[in-house]
Amino acid sequence: MKKKVYIETYGCQMNVADSETVAGIMQSREYIATDNITDADVIIINTCSVRDNAEKKIWNRLDHIKSLKRKNKNLKTGIIGCMAQRVGEKFLEHPAVDFVAGPDSYRSLPDLVDENDIAPVRTEFDINETYSGIEQVKIDNNIISGFIAITRGCNNFCSYCIVPYTRGRERSLDYKDILTEVKNLREKGFKELTLLGQNVNSYYFEEGDKKVNFPNLLRMVAETAPEMRIRFTTSHPKDFSDELIETMAAYKNICNHIHLPVQSGSNKILEKMNRKYTREWYLNRIEAIRSAIPDCGISTDLFCGFSGESEEDFQQTLDLMEQVKFDLAFMFKYSVRPETYAAKHFDDDVPEEIKIDRLNRMIKLQNKISLENNKADIGKSFEVLVEGYSKRSKKMLFGRTEQNKVVIFPAQNYKAGDFVNVKIIDATSATLKSEIIN
Ligand code: SAH
Ligand code: SF4
Ligand code: F3S
């Protein structure tokens, strides 16, 4: 009888992809993945450390799992992911936790479960670990959209960010392994794939005379799966080259959507963040993208209240938002992360109530811009990849345009995985409403 493992995932898409790798590792041994937590012999929680509230969520979750363990004495719980790396063996002090593994230690998970004598904690970094040869196993029943992590780790050390400390140094996977995985997804009938990395466009792989940069790889991926939608995230502005823009423009199946986190509109703050670009560079990249790909969807990440951010600096962020008119923005307030350069050298000197006020002002402005952008789509036609039923009604389906905008439309006889042509008839700041055209 196979034992059952339940994997719960927090944080970014990289963690989603890693959970599939972990499912693959566990299934290659005596385990099978389950989506029912009360049925599980082993619970694995894949954690995030990016902001303090992401970590708070995990502690709360562990209190709940403690109660499950009271009912099932044989249940084992492991913590993996970024917070496992950061918190390490201190996790074992929590009564719900039996073992801990950081992002480079997942191959040892099946053994860790059974380890009773020595401290079951693995948090060593391994620059060579790319999980080559491990087949990812889908755990969310989504067989439409797949992820491939093409780089792991990050070398950028943005001064506020924990990721370089939780995921170690950047490494790029062998392009041949990536193309094999693309073929696998294609053969399994996936309709879309997303190439993942913390700084995906710094991908670089060298072997003898063969040198492969990100645009080269993207080209090979697009040609390997010509009928699949190809996406990639997250791009760093410093590496957003003209060659990359030209490659996107040259291939129909590379989606016209770019997630390009800007973080702040103030040069003073960008420098303090160690982002390695200026406001002017960023705006120049946006211009280059829009002139080569006029219908490109552009989204971003922004956060307010970083150390030293004055009202004037913040105004420059609002001003940049107005100038670029992002389709979508993920917005946060600064949260000090232990160990980072900013935690050691800068004061967290923007008072909490000002952070909250600025965040609210950003959100309000972005909602207005998203609504304007979406209204401008009324009357236009798009191809939509159907993902499932809309939350509100089983009579409606939802999907995404290549620009990554969410569209709803009457279900008729369509189903998840179909491509449907629609015309936009109405819009809110979050969704486009449409009718089917044939
Ligand atoms: N690698 C990506 C994303 C990293 S984390 C990139 O370079 O953009 C996702 C987002 O969380 C970041 O883009 C940033 O906006 C936000 N973030 C990261 N650290 C943060 C912190 N300490 N406080 C608040 N927001 C943070
Ligand atoms: Fe963090 Fe910067 Fe790396 Fe993104 S690029 S993961 S924000 S250090
Ligand atoms: Fe969180 Fe780690 Fe991703 S900190 S955002 S899960 S890389």
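Any value given below was found using the heavy atoms of this structure, including those in side chains, with hydrogens, waters and symmetry copies removed. Only a predicted model underlies this, so the values are computations on that prediction, with no experimental measurement involved. Whatever order the structure lists ligands and atoms in, that order sets their numbers, starting from 1.
Heavy-atom separations between V163 and ligand 1 are all 4.0 Å or longer. In this structure, Q198 is part of the shell of residues with a heavy atom less than 4.0 angstrom from ligand 3. Using 4.0 Å as the threshold, R51 has a heavy atom nearer than that to some atom of ligand 1. Residue-ligand proximity: R167 is placed with a non-hydrogen atom under 4.0 Å from ligand 3. In this structure, R275 is part of the shell of residues with a heavy atom less than 4.0 angstrom from ligand 2.
Taking every heavy atom of R337 and a limit of under 4.0 angstrom, the matching atoms of ligand 1 come to 22 (N). Set against the non-hydrogen atoms of P261, the atoms of ligand 1 under 4.0 Å away are 8 (O). For ligand 1, the atoms sitting less than 4.0 Å from at least one non-hydrogen atom of Y160 are 18 (C), 19 (N), 20 (C), 22 (N), numbered in the order shown with element in parentheses. Close contacts of ligand 1 with R275, meaning ligand atoms under 4.0 Å from a residue heavy atom, involve 7 (O). When each atom of ligand 2 is checked for a heavy atom of F157 under 4.0 Å away, the hits are 8 (S). Atom numbering of ligand 1 starts at 1 in the shown order; those under 4.0 Å from a heavy atom of D301 are 9 (C), 10 (C), 12 (C), 13 (O), 15 (O). Distances below 4.0 Å separate heavy atoms of Q198 from the following atoms of ligand 2: 6 (S).
We find that E192 and R231 are joined by a salt bridge, their nearest charged nitrogen and carboxylate oxygen being less than 4.0 Å apart. A salt bridge links R337 with E55; the closest basic N to acidic carboxylate O contact falls under 4.0 Å. The pair K333-E352 meets the salt-bridge criterion, since a charged nitrogen lies less than 4.0 angstrom from a carboxylate oxygen. The pair K69-D98 meets the salt-bridge criterion, since a charged nitrogen lies less than 4.0 angstrom from a carboxylate oxygen. Under 4.0 Å is where a charged nitrogen must lie from a carboxylate oxygen, and between K210 and D174 no such pair does. A salt bridge is absent between D313 and K272: the closest approach of a Lys/Arg side-chain nitrogen to an acidic carboxylate oxygen does not fall below 4.0 angstrom.
With a 4.0 Å cut-off on non-hydrogen atoms, M14 does not touch ligand 3 at all. Both the backbone and the side chain of Y334 come within 4.0 Å of ligand 1, judged by heavy-atom distances. When heavy-atom distances to ligand 2 are checked against a 4.0 Å cut-off, P164 comes that close only through its side chain, counted from C-beta outward. Counting heavy atoms closer than 4.0 Å to ligand 2, residue V163 contributes side-chain atoms (C-beta onward) but none from N, CA, C or O.
Scanning all protein heavy atoms for the shortest distance to atom 6 (S) of ligand 3 gives N15 ND2, 3.3 Å. Closest to atom 7 (S) of ligand 2, if we only count protein heavy atoms, is Y160 OH, 3.4 Å. What sits closest to atom 24 (C) of ligand 1 on the protein, heavy atoms only, is K333 O, 3.4 Å. Here the heavy atom of the protein found nearest to atom 21 (C) of ligand 1 is S335 O, 3.6 Å. Scanning the protein for heavy atoms near atom 2 (Fe) of ligand 2, the closest one is C158 SG, 2.2 Å. Protein heavy atom nearest atom 2 (Fe) of ligand 3, with residue, atom name and distance: C82 SG, 2.2 Å. Closest to atom 1 (Fe) of ligand 3 among all protein heavy atoms lies C48 SG, 2.3 Å. With respect to atom 1 (Fe) of ligand 2, the closest heavy atom belonging to the protein is C161 SG, 2.3 Å. For atom 14 (C) of ligand 1, the closest non-hydrogen atom of the protein is Q263 OE1, 3.3 Å. Protein heavy atom in closest approach to atom 4 (S) of ligand 3: S49 N, 3.3 Å. In terms of protein heavy-atom proximity, atom 5 (S) of ligand 2 is closest to N156 ND2, 3.3 Å. Among all protein heavy atoms, the one lying closest to atom 3 (Fe) of ligand 3 is C12 SG, 2.3 Å. The protein heavy atom nearest to atom 5 (S) of ligand 1 is V50 CG2, 3.7 Å.
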After noting the C-alpha distance and the side-chain angles of K57 and E8, does the key distance pass the salt bridge (charged side-chain N to carboxylate O under 4.0 Å, His left out) rule?
CA-CA 12 Å; K57 234 190 258 173; E8 192 166 286; over 6 Å; no
Tell me, with the steps shown, if N374 and K405 meet side-chain hydrogen bond (donor to acceptor under 3.5 Å, both in side chains).
CA-CA 9 Å; N374 285 350; K405 289 193 181 182; 3.0 Å; yes
Could you walk me through whether K188 and E135 pass the salt bridge (charged side-chain N to carboxylate O under 4.0 Å, His left out) test, one step at a time?
CA-CA 13 Å; K188 286 181 191 155; E135 197 180 340; 3.0 Å; yes
Working for side-chain hydrogen bond (donor to acceptor under 3.5 Å, both in side chains), residues Y165 and Q85:
CA-CA 8 Å; Y165 303 88; Q85 187 68 38; over 6 Å; no
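No side-chain donor-acceptor contact under 3.5 Å links N46 and D18.
Residue I139 holds its CD1 atom at 5.0 Å from OG1 of T9, rounded to the nearest 0.5 Å.
Relative to the six-membered ring of F190, K138 misses at least one condition, a distance below 6.0 Å or an angle of at most 45° to the axis.
Of the possible donor and acceptor atoms, none in the side chain of R279 sits under 3.5 Å from a partner among the backbone N and O of N267. Panel note: side chain D347, backbone S307; no donor-acceptor pair is recorded below 3.5 Å.
The aromatic rings of H236 and Y277 lie perpendicular to each other, with more than 60° between the two planes, well past the 30° mark. The aromatic rings of F91 and W59 are tilted relative to each other, their planes meeting at an angle between 30° and 60°.
The nearest N, O or S atom of C154 is closer to atom 3 (Fe) of ligand 2 than 2.8 Å.
Tested against F303 for a ring-ring contact (aromatic ring centres under 6.0 Å, His included), the candidates F314, Y160, F332 yield a single pass: Y160.
Taking only nitrogen or oxygen atoms, main chain and side chain alike, Q198 reaches within less than 3.5 Å of ligand 1.
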